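Just below is one structure, and these are the notes that go with it.
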Amino acid sequence: MKVLIAEDDYRVADIHHQFLERVGGLQVLASATTAGETLRLAGELKPDLLLLDVYLPDSLGISIIGPLREQCPDLQIILITAATDREILTKALNHGVVDYLIKPIELGRLSEAVSRAAQTRHVLKGSEDVNQALIDRLFRSETSSPPEALPKGIDQLTLEKVKELLGQQNEGITAEALGKLFGASRTTSRRYLEYLISIKEAEAELVYGIVGRPERKYKRK
């Protein structure tokens with residue numbers, strides 16, 4: 001999923017950029033600092049998702065949603081703002097933004113918003129016929145109970161990427177080798193793998209080589 005960031009504070013934009021680059025399945029295309037630049041980059045790069053600040057130097061971010069949608073009809077927009085007044089919230093809802101995050105945002109909350117956008121894109125790009133089950137997947141935040149909170153240090157998007165990669169390893173894989181596949185340290189990789197074991201979605205076995213200590217290899221159940 002291709003992501004564009006529109007944020008006039010370069011420090012905040014850099015935090016978002018670095019965070020998203022660590023998440024599997026995302027490509028950060030660029031960062032814009034003005035509404036005009038956002039429109040130009042969106043037209044050139046055709047992102048799937050836009051993190052849009054409300055207070056940009058040349059215009060309110062909310063005012064360019066219409067022109068953005070003309071250029072990118074399938075664009076999903078997450079509004080990120082310090083604005084807490086109901087007028088901005090009402091406009092955001094009426095313009096169909098997929099989420100609304102108030103600064104200073106928690107990266108876990110950003111991860112949740114991006115994960116929801118990714119799943120929506122996956123469903124809409126799929127080949128399934130439209131039925132109630134499909135509709136419920138798109139509107140699950142309103143039609144189902146909230147998911148159980150993940151433990152500290154476990155991010156939903158990264159977890160999904162780990163599960164996907166682990167499922168591709170027919171012979172099993174070590175934590176270090178899997179970490180290299182999604183750009184994480186052995187310690188981080190093992191944390192996710194052991195969590196999958198704890199929820200019975202993975203299993204591990206010791207494999208003894210010719211020399212050295214035995215290796216712990218992980219497989220999807």
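Note that the coordinates shown come from a computational prediction; the quantities given were computed from them, not determined experimentally.
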(message) Measuring only between side-chain heavy atoms, which start at C-beta, is I78 closer than 4.5 Å to L50?
(response) no
(request) Please examine the side chains of E164 and V162, heavy atoms only from C-beta on, and report whether any two atoms are closer than 4.5 Å. (result) no
(message) Exactly one of L56, L49, V54 should register a side chain to side chain contact (heavy atoms under 4.5 Å, CB included) with L52. Which one does?
(response) L56
(message) Suppose the criterion is salt bridge (charged side-chain N to carboxylate O under 4.0 Å, His left out): which pairs have a residue in residues 67-78, not counting sequence neighbours?
(response) D74-K125
(message) Run D99 and R116 through side-chain contact (heavy atoms from CB on, under 4.5 Å) and show every step you take.
(response) CA-CA 9 Å; D99 215 328; R116 182 177 301 156; 3.5 Å; yes
(message) When you group the ILVMFWY residues by side-chain heavy-atom contacts below 4.5 Å and let the links chain together, are V98 and L89 in the same group?
(response) no
(message) Considering only residues two or more places apart or on different chains, which pairs with a residue in residues 178-199 satisfy salt bridge (charged side-chain N to carboxylate O under 4.0 Å, His left out)?
(response) R190-E194, E194-R216
(message) Could you measure the distance from the CG atom of L165 to the CZ atom of F182? Nearest 0.5 Å is fine.
(response) 7.5 Å
(message) Taking side-chain contact (heavy atoms from CB on, under 4.5 Å) as the definition, give me every residue that meets it alongside S111, ordered by chain and number, with sequence neighbours left out.
(response) F19, D155, L157
(message) Just to verify, what does Q71 make a side-chain contact (heavy atoms from CB on, under 4.5 Å) with, not counting sequence neighbours?
(response) L39, A42, K46, L68
(request) Step through the shown structure and confirm whether more than 12 heavy atoms of other residues, nucleotides or ligands are within 6.0 Å of CD on E87. (result) no
(message) Distance check, rounded to the nearest 0.5 Å: S31 atom OG versus E7 atom CD?
(response) 9.0 Å
(request) Only counting residues at least two apart or in another chain, list the ones meeting salt bridge (charged side-chain N to carboxylate O under 4.0 Å, His left out) with D9. (result) R11
(request) Before giving the answer on side-chain contact (heavy atoms from CB on, under 4.5 Å), spell out for Y192 and L178 the whole-Å C-alpha distance, their side-chain angles and the decisive distance to 0.1 Å. (result) CA-CA 10 Å; Y192 281 88; L178 188 69; over 6 Å; no
(request) Would you mind checking if K2 and D48 are paired as a salt bridge, meaning a charged N to carboxylate O distance below 4.0 Å? (result) no
(request) Go through the structure and list residues passing salt bridge (charged side-chain N to carboxylate O under 4.0 Å, His left out) with E44, not counting sequence neighbours. (result) R40
